Amino acid sequence: MPTIMITGAAGFIGGHVAREAERRGGLSLRLMSHRRPPAGAAAAGPTTAGPDPATAGPGPGPGLGSGSGFGHGHGPGAVAPGHRTVRADLSDPGSLRGVCEGVDVLLHCASQIGGTPEANEAVNARGTAALMAEARRAGVSRVVYLSTASVYGRGAFRAARPEDLVRNPGSPTSGSRAHAEDAVLAAGGVVLRPHLVLGDGDRWVVPGLARILRALPGTVEGWAARTSVITAQDLARLLLGAGLAPAGDLTASVYHAAHPVPVTVRTLLGAVAAVAGPAADPAAEDLTAVRARELLAARGIAAQGLDMLTSDHWFDSDPVWRDLRCTPGPDFEAAFKELAEGYRRALLDI
């Protein structure tokens, strides 16, 4: 029975990974968290104190949420009792001593998203480097890191492949996560880069989109751009699959992680509008991006997210599904129908 350690196991994506591993069965789980242990897990290992960094979110870029990145949310629920939890702090390398002992696969889903540049550097860059040193010392056979497509910075991306792109992070969060990628790759690990992640526990993507919709009197340049999305459940399947796949099946060390079929922004925002409550009639006006930024600024809403809604952010993810011999889940519209009621409840306070 292989032992898998999941960092950020109490967070958005880490929580989904823990539940997916539990559902799959035949795995011994070690759930690493800072101050918010996953419900149902038995305490074990080092403990630390101090402020809790944001954990477990892909954070594909600034602008849609009320912070500097997407993806930071709460876990999707408790795992079954009996799994061990390790209390450790990525910003305190000493607390990581021994956390990887007996671990076969490390799924690194914890990240600091937003906050000060110093906090991002401490958790994402130096913390990941210290964790990789522990993984090497303990003989961990596979490391998979949950990164973000925001390491590319701004731009238009159309069927883009990792090998054809140059990282150009535009924020302390994405810059420090690029450094984390370097540490993982130097240790022989695998990096997954999602863009927009939807699902139970999302407190940034759909809420951020809802704020933008409610602030604008119509569409922006037709909302014609295409974007890559993935559900947290599908992303969890990919992370776990990458951790357990035979080495010979993996043809790359960096993969994009998204549903293979991109979604038009018009379709994405139409689904959000259906669960977000009253919003402006999208047919009322078709704004320019410049005018939309002015309107958002007047409402005190960060306008950077418009870049991702008015230009293509479509990342080729076929290789990861092919290499892992994994079938993508339902397309966006079918998947969002299953998430709609949960989002409707979550958006009541937005």
Side-chain angles (χ1 to χ4, degrees), residues 10-20 23 36 39 54 56-61 63-67 69-79 113 194-220 223 225-237 258-259 261-284 292 295-296 299-302 305-306 308-309 313 328-350:
F12 176 31
I13 305 303
H16 278 277
V17 175
R19 293 296 295 272
E20 176 63 21
R23 185 195 65 77
R36 182 158 53 92
L64 294 194
S66 56
F70 300 135
H72 176 214
H74 301 293
V79 296
I113 300 176
H195 181 44
L196 300 183
V197 184
L198 309 175
D200 183 15
D202 168 28
R203 299 295 183 268
W204 291 82
V205 177
V206 169
L209 293 171
R211 291 186 185 94
I212 289 177
L213 280 173
R214 291 172 179 176
L216 297 177
T219 60
V220 179
W223 294 133
R226 293 171 294 178
T227 192
S228 287
V229 300
I230 190 170
T231 64
Q233 184 175 4
D234 263 3
L235 181 55
R237 292 168 57 215
H259 194 281
V261 181
V263 180
T264 65
V265 169
R266 180 183 290 275
T267 298
L268 172 62
L269 294 181
V272 173
V275 300
D281 179 1
L295 292 170
L296 292 177
R299 296 284 192 94
I301 299 174
L306 280 175
M308 283 182 283
L309 300 177
H313 282 68
D331 64 15
F332 168 77
E333 292 180 271
F336 200 86
K337 285 180 181 179
E338 296 182 7
L339 300 171
E341 185 54 37
Y343 271 126
R344 190 172 286 111
R345 292 193 299 269
L347 291 171
L348 289 176
D349 296 329
I350 299 300

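This is a predicted model, so every value here is computed, not measured.
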Just wondering, do Leu295 and Pro217 contact through their side chains at under 4.5 Å, heavy atoms?
yes

Please report, to 0.1 Å, the donor-acceptor pairs under 3.5 Å made by any side chain of residues 334-342, with sequence neighbours excluded.
from, atom 1, to, atom 2, distance (Å)
Glu341, OE1, Arg344, NH1, 2.9

Would you check if Leu306 and Leu296 make a side-chain contact, meaning some heavy-atom pair closer than 4.5 Å?
yes

Quick one: OG1 on Thr219 to CG on Leu213, what's the gap to the nearest 0.5 Å?
10.5 Å

From Leu309 CG over to Arg266 CZ, what is the distance, rounded to the nearest 0.5 angstrom?
13.0 Å

Of all heavy-atom pairs linking Gly329 and Asp234, the shortest is N-OD2, 2.9 Å

Would you mind reporting whether Leu235 and His16 have side-chain heavy atoms less than 4.5 Å apart?
no

Under a 4.5 Å cut-off applied to non-hydrogen side-chain atoms, are Val205 and Val197 in contact?
no

With side chains defined as the heavy atoms from C-beta onward, is the minimum distance between Val263 and Val229 less than 4.5 Å?
yes

Rounded at 0.5 Å granularity, tell me how far CG in Leu268 sits from CZ in Arg226.
14.5 Å

Distance check, rounded to the nearest 0.5 Å: Thr231 atom OG1 versus Asp200 atom CG?
11.5 Å

Any residue meeting side chain to side chain donor-acceptor pair (under 3.5 Å) with Gln233, in chain and number order, not counting sequence neighbours:
none

Sort out for me which residue in Ser228, Pro330, Pro328 forms a side chain to side chain contact (heavy atoms under 4.5 Å, CB included) with His259.
Pro328

Do Val261 and Phe332 make a side-chain contact, defined as non-hydrogen atoms from C-beta onward lying under 4.5 Å apart?
no

Point-to-point distance, once rounded to the nearest 0.5 Å, from CG of Leu196 to CG of Leu209:
7.0 Å

Hey, does the side chain of Tyr343 reach the backbone of Gly199 with a donor-acceptor pair shorter than 3.5 angstrom?
yes

Any side-chain heavy-atom pair of Thr227 and Met308 under 4.5 Å:
no

Less than 4.5 Å apart, any side-chain heavy atom of Asp202 and any of Pro207?
yes

So which heavy atom on Val220 is nearest to which on Ala292, and how close?
CG2-CB, 3.7 Å

